[in-house]
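Chain letters run A, B, ... following the sequence lines, proteins first, then strands; residues in each count from 1. What you see is a predicted model, and the numbers here were worked out from it, not measured in a lab. Note: hydrogens, waters and symmetry copies are ignored here, and every other heavy atom, side chains too, is used.
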2 protein chains.
Amino acid sequence: MSSVLVNNKAEEIRQYLVSVGVYATPQRQAIAEMLFSRHQHLTADQVYEEVSKSAKRVSRATVYNTLNLFAQKGLVREIFVDASRTFYDSNTSSHYHLYNIDAGNLIDMDDKDVARYISRNMPEGVVLEGIDVVVRVRNLVIS
Amino acid sequence: MSSVLVNNKAEEIRQYLVSVGVYATPQRQAIAEMLFSRHQHLTADQVYEEVSKSAKRVSRATVYNTLNLFAQKGLVREIFVDASRTFYDSNTSSHYHLYNIDAGNLIDMDDKDVARYISRNMPEGVVLEGIDVVVRVRNLVIS
DNA sequence: CTTGGATTTAGACTAATTCTATAATTGCCG
DNA sequence: CGGCAATTATAGAATTAGTCTAAATCCAAG
């Protein structure tokens, strides 16, 4: 019973994809469901591993294509904290990141936390290395 | 005449290197002189090209080694704005960057400018794409 | 001068990402 | 429903920034 509610999350995601103008192909659907299942910061390879093991077979090229497409459509945000890899964040709202250079992981931060870090009030076990602010702009194109 | 003043810039740089504990080898000296000749944001390859054409022959590996060493010693700052390349900034003071995604170039910004950008008051020809704040930490090591 | 540790080098190697050419899907229209 | 044109997915080759390696060179100190 209640078949209208079965897979409503999947259906919600499908409609989300369609709403930004991309076909909800099975591969994109699988990647999106994985990305949006919770807030996380993943590399393309992690997305590939995750999707491969738990769902439909997807090629690496498609993962890259899809992540680039999603980033372009504003569904995910690219984060550059390290030259060796790009992270993708499914939380596109305005927020900051705490990147642990040694551990190689990223966690979200809000303003209050940033202030705390800037004031040298570090949580135990880590020391501030730097705070980077990058303002990214594009050329204005009149179309 | 005035031979004591000849190359005083070079000598100044040499002493700067020594003061942070690195031998001022000819290659490092050449790279440092190039980097510190003015404020700029260069990729490793640009440094290689510049140094190669105007001074002593330097290998690519040495350019990478030297830039990593300088970054580690705090002489230059690594900037990640794009997955495809790392920029090196000879201005290590606290400041922000304006990165034009289309042009691929970086310019320095001060606080006032950041505020201006955040308030959507764009200079002509560009539109705000995003402002990234990354707080970088390291594991605390008791040595 | 000799010697040992530090540095430089060329080129092999790695890993992330993109490209390419082909195959498979898809929506759509009659 | 059936077929077509366009879109998307795929494997694997290609690219590219950066690292590694092993050998050669340099240089300061005795």
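- Side-chain contacts under 4.5 Å among hydrophobic residues (ILVMFWY), followed directly or transitively, place B/Val18 with no other residue at all.
- By the side chain to side chain donor-acceptor pair (under 3.5 Å) test, A/Ser37 pairs with no residue at all, sequence neighbours left out.
- Inter-residue side-chain proximity for A/Thr86 and A/Tyr88 is flagged as met; some heavy-atom pair is nearer than 4.5 Å.
- D/dT19 atom P lies 13 Å from atom CG of B/Leu69, rounded to whole Å.
- Here C/dG11 presents its P atom at 11 Å from OH of B/Tyr48, a figure rounded to the nearest Å.
- To the nearest angstrom, C1' of C/dT7 lies 14 Å from CG of B/Leu17.
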Ignoring hydrogens and angles, write down the donor-acceptor pairs under 3.5 Å from the side chains of residues 68-83 of chain A, residues two or more places apart or on other chains.
unit_1  : atom_1 : unit_2   : atom_2 : d
A/Asn68 : ND2    : A/Tyr64  : O      : 3.4
A/Arg77 : NH2    : B/Asp132 : OD1    : 2.7
A/Asp82 : OD1    : A/Ser84  : N      : 2.7
A/Asp82 : OD1    : A/Ser84  : OG     : 2.7
A/Asp82 : OD2    : A/Tyr99  : OH     : 3.0

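- Look at CG on A/Asp45: it is 16 Å from P on C/dT14, rounded to the nearest Å.
- Between A/Thr86 and C/dT17 there is a side-chain polar atom (N or O) within less than 4.0 angstrom of OP1 or OP2.
- Pairs engaging residues 21-33 of chain A under the side chain to side chain donor-acceptor pair (under 3.5 Å) rule: A/Gln29-A/Glu33 [sequence neighbours left out].
- Nucleic acid contact class of A/Asn68 (heavy atoms, under 4.0 Å, all strands): sugar-phosphate only.
- Counting to the nearest Å, the P atom of C/dT17 and the CG atom of A/Leu67 are 9 Å from each other.
- Distance CD (A/Gln72) to P (C/dT17): 17 Å, rounded to an integer number of Å.
- Distance A/Asp82 CG to D/dG18 C1': 12 Å, rounded to the nearest Å.
- B/Arg14 is linked by a salt bridge (Lys or Arg N to Asp or Glu O under 4.0 Å) to B/Glu11, counting only residues two or more places apart in sequence or in another chain.
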Report the C-alpha distance between B/His41 and B/Asn91 in whole Å, list the side-chain angles of each, state the deciding distance to 0.1 Å, and finish with yes or no for side-chain hydrogen bond (donor to acceptor under 3.5 Å, both in side chains).
CA-CA 9 Å; B/His41 308 91; B/Asn91 176 3; over 6 Å; no

Sugar-phosphate or base contact per nucleotide [nucleotides 5-10 of chain D; S, B, -; heavy atom under 4.0 Å]:
--SSSB

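- The separation between B/Arg14 atom CZ and D/dC27 atom C1' is 14 Å, rounded to whole Å.
- Here A/Ser84 lies in heavy-atom contact (under 4.0 Å) with sugar-phosphate atoms only.
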